[in-house]
**Q** 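Take this structure, written in structure tokens, and hold onto it; I'll ask about it next.
Keep in mind the model is a prediction, meaning the values are calculated, not measured. Order of the sequence lines sets the chain letters (A, B, ...), proteins ahead of strands, with each chain counted from 1.
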Number of protein chains: 2
Amino acid sequence: MDLNALRTANPDHWAKASAIRALTLDAVAAANSGHSGMPMGMADVATVLFEKHMKFDVANPQWPDRDRFILSAGHGSMLIYSLLHLMGDAQVTLDQVKNFRQMGQLTAGHPENFLLDAVETTTGPLGQGIANAVGFAMAEEIQRAQYGRKIVDHNTYVIAGDGCLMEGISQEAMGLAGRHSLGKLIVFWDNNNITIDGTVDLSDRTNQVMRFKASGWHVQEIDGHDPQAIDAAITAAKKTKKPSMIACKTHIALGHAAQDTSKGHGALTDANQLAAAKAAYGWDHGPFEIPADVKSQWEAIGSRGAAEREAWEARFAETSQGKQDRFTRAYALEAPKKLASVVRALKKQVSEDQPKVATRKASEMALAAINPVMPETVGGSADLTGSNNTKTDDLGVFDLDNRKGRYVYWGIREHGMAAAMNGMALHGGIRPYSGTFFCFTDYARPSMRLAALSKIPTVFVMTHDSIGVGEDGPTHQPVEHLAICRATPNTYVFRTADAVETAEAWEIALSSKDTPSVMALTRQNLPTVRTEHKMANLTAKGAYVLAEADAKREVILIATGSEVSLAMEAKAQLEAEGIGTRVVSMPCMELFAQQDEAYRRKVLPAGPVRIGIEAAVRDGGWDRWLLGERGRDSKADFVGMASFGASAPAGELFEKFGITAAATVAKAKALLG
Amino acid sequence: MDLNALRTANPDHWAKASAIRALTLDAVAAANSGHSGMPMGMADVATVLFEKHMKFDVANPQWPDRDRFILSAGHGSMLIYSLLHLMGDAQVTLDQVKNFRQMGQLTAGHPENFLLDAVETTTGPLGQGIANAVGFAMAEEIQRAQYGRKIVDHNTYVIAGDGCLMEGISQEAMGLAGRHSLGKLIVFWDNNNITIDGTVDLSDRTNQVMRFKASGWHVQEIDGHDPQAIDAAITAAKKTKKPSMIACKTHIALGHAAQDTSKGHGALTDANQLAAAKAAYGWDHGPFEIPADVKSQWEAIGSRGAAEREAWEARFAETSQGKQDRFTRAYALEAPKKLASVVRALKKQVSEDQPKVATRKASEMALAAINPVMPETVGGSADLTGSNNTKTDDLGVFDLDNRKGRYVYWGIREHGMAAAMNGMALHGGIRPYSGTFFCFTDYARPSMRLAALSKIPTVFVMTHDSIGVGEDGPTHQPVEHLAICRATPNTYVFRTADAVETAEAWEIALSSKDTPSVMALTRQNLPTVRTEHKMANLTAKGAYVLAEADAKREVILIATGSEVSLAMEAKAQLEAEGIGTRVVSMPCMELFAQQDEAYRRKVLPAGPVRIGIEAAVRDGGWDRWLLGERGRDSKADFVGMASFGASAPAGELFEKFGITAAATVAKAKALLG
């Protein structure tokens, strides 16, 4: 590359972009860790985007109608930190930049939404950002339809690398964006032809332009170092009604000895090479030094959106009070007051009617009560609508001719669905929930982890939660998935026993502000076990005494979900033999763990033998409750799965794998000696 | 559809295809469960494929040079069972077909490779089959190059549905197949325009033809009910050097009242509609009744390949004895005798040299010793070759001009990589291992589960196994992934402490016949803890006493991987205070669980307090060993992670999260009172 020519052609632009490159080089060198090449390659695109197009006010990075900027290639985090520091973001001080990737800093190795207000979503695991962005853009469409253009009207911009596009999730995201003509989604592909292992064609020769077109996208190809071309492409992308991909031919680590090589992908720390690169830019400033004129130009860019924000605030103030309240409440993730009352009404009705329904059906009953009073919910399913029971009558279907529709047919795309749900929630104003089979938690897993890590209250509706699946066999029967979800920090895993607990779980999930929820729901019908109406949400305690021992308490049966009614059967049999048996229902281990020790001791006193019952592996967090938190509490055993399942009718499978009242009774008696 | 016209045009073909449709309808109706429509829609394609093209001998379904047939749309399992029964497969008797989806039968809800010899791979979770197939086709290419066309020369055929193509993994598979011009891979797309939720365009409007072309595939579009068109397309597909996709326009549930509807996807059980469909086919036979002439035509198809098989056997017998032995040994998954000796030699050298290396580097040392004596290994990485240390000098790179290459640059495609590795192993003759970061187990998870479920000894090399990752931060730091892998039945999870244990783990992983292995390896350097050479593979015991207490034994420290050396430090500190401390290294919980109780008791006697140390969540199977298998063994505590990690240098993170010798000592002393 002839850097001189670039500099001479657009000196102001060049200085601003050079500031990003210089800060990146300095910060990575100071940390002796990080990724220099990507921010250096995409500095021109980012500069033009923020200077000419982004609706952004650095003093108010969470203003609701801002444009969103998502760095899907999250390893290039110094691009965001440089931009924010240069524009004058209050959090990203020079000290933060100097302490890139150090303990306790906001400038983490990858951009974390929970550390910096201006970071829209945590990225790093490749492909997540572009799929999050689909959710951002859908949330914008839905709310634009709901509130009108005066309140909601913004773009979602993404920078994605070759890695993002090679990950399968990118295809799921592209398919969704194309299907729904998400015209305000604009993706820059950092087409630098380099991955860690070498040039891209070592592993991929896909024609990305053709591939995006096949999915219904508007595609442009530009020189990613030409500011006029970048500007023109963004202008065109904003006009088209299709989602846009701008293929930006760039040079990774532009101007550095490692330019256009896989070495350029990593941390460029050699002092001489660093100096040579800066010299090539015509950048004769010390480490972390930004000349005042460049800084002030960047700060002007940062505050460029203030007027637009103020105009928006004026428009918002003119909106009806009802709309304002609803909008503000949803953005603050405050549940409406009516949530508690509709849930209580449903609980009362169910405890009286005592239906025998699957918890997936119970979930639908809860949603039917909640969705009308909670307009921020958006539901969906990965092509299992009739099985996941996620669609209620009032939602309407999100489609080209019904942007207000609150139900999404995600297609057979569990991973893209989960990531897009995260994006919807992060966008603000929407509470997404969607379903698939619990076994296919596996497909959604990378995004479920990110929901937990980045504190997004997404609700994953996971039906068909055990061998109760029956004939579909072991590929469709979760046995380890409760363990997987429970092992993940900051995740509520609800496995509810009946329609009452299911309604309670929904109330908690839809009130959560920073913890995702997994609803593990049955395919098969279950009796109502909560036959006495209680105002209090007992599920919020995580576990509670469902039935006290009649005779002297010798046994505690702890069960979840479909096995709670089985525990009640086992209790009846034990009591018939004079063995006093308490039944504890434990719909959410995480919430039980959050209770104080006195409550936990009250529910699980030392002494009686304990049997855990769950049609899943014991590793799913059971031993803490069975054996006592520091050991020595009790003798204990477990009735559950120790292998994969099999294909047969569900009832026969519970017999085959010994998950029965009889097996429970036998194990309890064996422990009692 | 005018079924009369179809029947009249090709009466013999029609009768054979009708037999598939009738058996499918009868079996699903008998089970009152299953998927009728897909086999009914693809019966014509399957009939032509087996009649005219498949190199297949029903009497020898595992003959190594057979063509492979993979039903990626595994819910259509009755297609396979019908074909196999009609051709006279010894396992799929009429009784099996009548007992479709029932307890203990081979005709499970989805096709299971471990139940039926003729089922190449377990399918059901969508998209897996097509990605497995990429591995099958790569295995064929590699072995064709190694053994010559006379021994290895066959096609891999796949039937994939809309669901398979919507799953992101399909793009990863397509990209790999296109990049490597896997010309013997032929995919039929069952283009029936129906998913469970409705017509495909409800969720997807991708131009699949254009998308496949963008990935370098040869594409044809045909009427999937026209036998001549099907035959011609397969003939053309076999000739091209590119991977082939044949888009077959079909009618789901052809001839049934549910034809072309999403209802047709499921179980069609209405007796009247079933009778009407059979009448429309001109099929006037009772349930499960196949007229003798149709059956005999199908049986002729089943034995059509016998002569080819015999010719192959003759050619194989003429091959050099060395090649025969190597081929046969690899197909039988027998490790070469030299494996044990090279591992022992490496262990001896390492225990003498006592290098301070990361276990990822130790893994490379083991592979460098093993790969030259085990020509069936094929390694790779998802674009992290230099980080995963999976490439050894002698492998060569698999590429268009080096089909013998045993190293695959998978690209940023963890999921496709894992599925293709499973396919390679299932093909036979290859032992695949490949790497990514342990955190990205998440991306590969659906295929890792299938490796375990379908008993495939794939080796997943997962480096950067804890907060030891350091600056990359929480998105890249596994904390729950050991728990995830350990909760999965039939999976060896190795977390090794040094180069000796790492070599031992590789010996076990590469000797396994039906259990996959996860190698959790460090980024950071570790001291050698096995400083005394032992011939025996101690890792094979799962856990063992690494260092006995000097003073009276009051404490047992149990640790894995990078925390074993930390346990040794803690022991030194405790012993200095007169507290006798045993250190148990536990590189593989699953293998320890397989030891007899006497051995387990010897390693973990009741009495001393126990501290588990692992830079991961306690839920990962720890409580069983800490608290005792039935409780009451010991007082216990755990030093590990209870949250996600953070971005900072690794050493500081271990301090921050309290995973230190000092914390271990403090917890032990607290328990001792």
**Q** Is chain A contacted by the side chain of B:T123, its backbone, both, or neither, given a heavy-atom distance below 4.5 Å?
**A** backbone
**Q** Do A:R610 and A:D637 meet the salt-bridge criterion of a basic N to acidic O distance under 4.0 Å?
**A**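 Salt bridge flag = no for A:R610 with A:D637.
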**Q** Picking from B:M448, B:E112, B:M174, B:Q208, which has the most non-hydrogen pairs under 4.5 angstrom with chain A?
**A**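 Highest number of pairs under 4.5 Å: B:E112.
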**Q** Tell me, side chain or backbone of B:L400 under 4.5 Å from chain A's heavy atoms, or both, or neither?
**A**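 Side chain of B:L400 only, per the 4.5 Å heavy-atom cut-off to chain A.
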**Q** Would you indicate whether the side-chain heavy atoms of A:Y407 and A:F398 approach each other to under 4.5 Å?
**A**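 A side-chain contact is absent here, since even the closest heavy-atom pair is not under 4.5 Å.
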**Q** Does B:R101 reach the side chain of B:T107, with side-chain heavy atoms less than 4.5 Å apart?
**A** no
**Q** Which residue out of B:E652, B:H415, B:H476, B:Q102 racks up the most heavy-atom pairs below 4.5 Å with chain A?
**A**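 Most heavy-atom pairs under 4.5 Å with chain A: B:H476.
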**Q** Using non-hydrogen atoms and a 4.5 Å limit, figure out which bit of A:V479 sits close to chain B: side chain, backbone, both or neither.
**A** both
**Q** Among B:P489, B:G109, B:S215, B:G470, which residue has the highest count of heavy-atom pairs closer than 4.5 Å to chain A?
**A** B:P489
**Q** Heavy-atom pairs under 4.5 Å with chain B are the metric here; pick the option from A:L202, A:D383, A:T206 that has the most.
**A**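 Option with the greatest count: A:D383.
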**Q** Determine whether the side chains of B:E471 and A:H110 contain a donor N or O and an acceptor N or O closer than 3.5 Å.
**A**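 No, because no side-chain N or O of B:E471 sits under 3.5 Å from a partner of the opposite role on A:H110.
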**Q** Side chain, backbone, both or neither: which part of B:V209 has a non-hydrogen atom closer than 4.5 Å to chain A?
**A**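 Contact with chain A: none, neither part.
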**Q** Counting heavy-atom pairs under 4.5 Å with chain B, which one of A:A648, A:G473, A:S647, A:G163 comes out on top?
**A** A:S647
**Q** Do A:I194 and A:T199 have side chains that approach each other closer than 4.5 Å (heavy atoms only, starting at C-beta)?
**A**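 Heavy-atom side-chain distance check passes, below 4.5 Å.
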**Q** Under a 4.5 Å heavy-atom cutoff, which of A:K391, A:R211, A:H35, A:H180 has the most pairs with chain B?
**A** A:R211
**Q** Would you find more than 12 non-hydrogen atoms of other residues, nucleotides or ligands less than 6.0 Å from B:K667 atom NZ?
**A**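 Above 12, so yes.
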**Q** Which of these, B:T122, B:L453, B:L450, sits in a side chain to side chain contact (heavy atoms under 4.5 Å, CB included) with A:P474?
**A**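 Result: among B:T122, B:L453, B:L450, B:L453 is the only option passing the side chain to side chain contact (heavy atoms under 4.5 Å, CB included) with A:P474.
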**Q** Any donor and acceptor pair, going by atom type alone, linking the side chain of B:E480 with main-chain N or O of A:A487 inside 3.5 Å?
**A** no
**Q** Output the option from A:Y409, A:F212, A:F440, A:W410 having the highest count of non-hydrogen pairs under 4.5 Å with chain B.
**A**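 Most pairs with chain B among the choices: A:Y409.
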**Q** Relative to chain A, which segment of B:T195 carries a heavy atom at a distance below 4.5 Å: side chain, backbone, both, or neither?
**A**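 Answer is both: backbone and side chain atoms of B:T195 are under 4.5 Å from chain A.
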**Q** Answer with side chain, backbone, both or neither: which region of A:D201 has an atom nearer than 4.5 Å to a non-hydrogen atom of chain B?
**A** backbone
**Q** Please flag which part of A:L653 lies under 4.5 Å from any non-hydrogen atom of chain B: side chain, backbone, both or neither.
**A** both
**Q** Taking every heavy-atom pair that is under 4.5 Å apart, which of B:A452, B:S262, B:S387, B:A616 has the most such pairs with chain A?
**A**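 Of the options given, most contacts go to B:A452.
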**Q** Heavy-atom distance under 4.5 Å to chain A: side chain of B:E655, backbone, both or neither?
**A**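 B:E655 has no heavy atom closer than 4.5 Å to chain A.
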**Q** Would you mind checking if B:D623 and A:R624 are paired as a salt bridge, meaning a charged N to carboxylate O distance below 4.0 Å?
**A**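 Looking at B:D623 together with A:R624, the answer is no, because their closest N to O distance does not fall below 4.0 Å.
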**Q** Give a yes or no answer on whether the side chain of A:S447 reaches the backbone of A:A418 with a donor-acceptor pair at less than 3.5 Å.
**A**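 No.
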**Q** Quick one: what part of A:S33 sits under 4.5 Å from any heavy atom of chain B, side chain, backbone, both or neither?
**A**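 Interface part for A:S33: side chain.
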**Q** Short question: side chain of B:E172, backbone of B:G416 - any donor-acceptor pair under 3.5 Å?
**A** yes
**Q** Side chain from CB out, backbone as N, CA, C, O: work out which of these in B:C164 comes under 4.5 Å of a heavy atom of chain A, or both, or neither.
**A**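 For B:C164, neither part sits under 4.5 Å from chain A.
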**Q** What part of B:P111 gets within 4.5 angstrom of chain A, counting heavy atoms only: side chain, backbone, both, or neither?
**A** neither
**Q** Return the CD1 to CD distance between B:I169 and B:Q128, rounded to the nearest 0.5 Å.
**A**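 Reported value, rounded in 0.5 Å steps: 4.0 Å.
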**Q** What part of B:Y443 gets closer than 4.5 Å to chain A, counting heavy atoms only: side chain, backbone, both or neither?
**A**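 B:Y443 touches chain A through backbone and side-chain heavy atoms alike.
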**Q** Which residue out of B:R486, B:K656, B:R449, B:Q171 racks up the most heavy-atom pairs below 4.5 Å with chain A?
**A**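 Most heavy-atom pairs under 4.5 Å with chain A: B:R449.
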**Q** Spell out, as yes or no, whether a donor-acceptor pair under 3.5 Å connects the side chain of A:Q477 to the backbone of A:A646.
**A** yes
**Q** Among A:M166, A:H481, A:M641, single out the residue with the greatest number of heavy-atom pairs under 4.5 Å to chain B.
**A**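 Looking at each of A:M166, A:H481, A:M641 in turn, A:M166 comes out on top.
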**Q** Between A:R445 and A:T488, does any side-chain donor sit less than 3.5 Å from a side-chain acceptor?
**A**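 Yes, side-chain donor-acceptor contact under 3.5 Å.
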**Q** Counting heavy-atom pairs under 4.5 Å to chain B, which of A:N32, A:D204, A:V617, A:V200 comes out on top?
**A**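 Counting heavy-atom pairs under 4.5 Å, the top option is A:D204.
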